[in-house]
Protein chains: 2
Amino acid sequence: MMEKLSEHGCFGGTLAYYKHASNELGCDMRFTVFIPSHGEGKKLPVVTYLAGLTCTEDNFTTKAGAYRIAAECGLVLVAPDTSPRGDHVPDEEAWDFGKGAGFYIDATQSPWDKNYKMYSYITQELNNLIVENFPVDGKRQGIFGHSMGGHGALTIYLKNPDIYKSVSAFSPIVAPTECPWGHKALGKYLGNDQKLWAAHDATVLMKELGDASARPMILIDQGLSDPFLEEQLKPHLFEEACASVNQKLTLRRHKGYDHGYFFIQTFMEDHIRHHGKIL
Amino acid sequence: MMEKLSEHGCFGGTLAYYKHASNELGCDMRFTVFIPSHGEGKKLPVVTYLAGLTCTEDNFTTKAGAYRIAAECGLVLVAPDTSPRGDHVPDEEAWDFGKGAGFYIDATQSPWDKNYKMYSYITQELNNLIVENFPVDGKRQGIFGHSMGGHGALTIYLKNPDIYKSVSAFSPIVAPTECPWGHKALGKYLGNDQKLWAAHDATVLMKELGDASARPMILIDQGLSDPFLEEQLKPHLFEEACASVNQKLTLRRHKGYDHGYFFIQTFMEDHIRHHGKIL
């Protein structure tokens, strides 16, 4: 069912690439898993990273510089691809929709509804695969991501408190119902009824939480030289939503940092430690 | 002359991509420079990283995880491309010769002798460009690299003690006169007279040093799961050469590590600190 494509020694543990046939998505999917050195039979906490538009499982795996601290904290790190893949999967000639832009939701509109089921893929199929096949404790899971993947991490965390106990994000899309990327993706995957979009908007979901003062802190880092900050990302909307329900939020705005992996690697250590502390 | 293609905040400093027209190579070349945060007017030590076969300036820049420690140690890091580039540059359909495989030597044989001058490019043209345009102290330079770039670093260090004061390597080709990669590259770039090859063989150069007991330690890391270890890399030959002239060498052989950047990033911190300590 699951094929190991390669395995590499990395900071005393192993980083491996896998491929499997996804029922949910109707295609072959790749992901990577980092397993730190650990005692035999031990079950480790696991954190899943969701990447952004145009990305695959490889962006985080090769560029994020996360494994040094994951090895130190004893965390398993999982990095899936961002969308269904294959010649039979419908696509458009666009970098912000279709392949590479699954948006971590389940599409309901044709022709996207056959393969674009990234929400169910991440929360169920991949989650089960990881818990069943690796030395992880399914009760101690966290999720984080970047940009579109920050949107995925925040919404999936808020909708699945039984699975994910910690969350953080780099430059996330926090309010897809209020930005062009979100309008395009939600409109095509879910249709034009904007009432249906709210279920995948972290800012809306946060406002509906009720009192969140007992929940763990959420960590978000945002670069102030990020070209997408004002039109697409709008972290202040999520900040206001958190404040409205007493959700603890550490939102750090960094001068001189943009939207890319040099920004992400700079603050990666704080995110890994954030998850390690909660889990 | 030199064009900045992009600049990114990174661990409190900046990582930038540059392009320039190389006289030595007769083509446009790219390189990256990391400048840590530093006091105004301060001149920093600089270390150049030479990448391996098939690589560009981007492999080290995105995958090596070096900038965190470089920022801490106050080192400038330079990562050039590995060969001349462009449609007019002669090439062969091979991953281990021609473009992506400049071998850090000056070719003497046609048609390679027009563009394949990576030795002069690194030691003179790029070196001058870096010293003139960045906040570096040209008297405090180090060099390191991986595989073909480890060969480049060791030979360039041994042949230019006036420029480079520290050296280290990951899985270097230490004896190109005694391995298939070396025979192919040296034979085509320099011709079939094997006497001429010795000037670019680190093991030969080391044996000719005379007493090297006063020179700084050389650091080499080698993975024991490296598929190229026995046929191409042969670190024991360099180890014997160092011993014969009393050159201090730390050659570490690591179980479970292969030839790739997950290996390199695991031991990168030790290499950056090695250069920082000497420079």
Ring pair (Phe, Tyr, Trp, His ring centres under 6.0 Å) filter on A/H20, not counting sequence neighbours, yields A/F31, A/Y121
Quiz item: What residues form a ring pair (Phe, Tyr, Trp, His ring centres under 6.0 Å) with B/H38, not counting sequence neighbours?
Solution: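 In terms of ring pair (Phe, Tyr, Trp, His ring centres under 6.0 Å), with neighbours along the sequence ignored, B/H38 is linked to no residue.
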Heavy atoms of A/G12 and B/Y257 approach each other most closely as N-OH, 2.7 Å
Correct closest heavy-atom pair for A/E7 and B/D258 would be O-OD2, 4.0 Å
For residues 263-275 of chain B against chain A, heavy atoms under 4.5 Å, the residues are B/F263, B/Q265, B/T266, B/E269
Can you name the residues of residues 51-70 of chain B that have some heavy atom under 4.5 Å away from a heavy atom in chain A?
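Interface residues of residues 51-70 of chain B: B/T61, B/T62, B/K63, B/Y67, B/R68.
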Okay, A/Y261 and chain B: the region with an atom under 4.5 Å from a heavy atom over there is neither
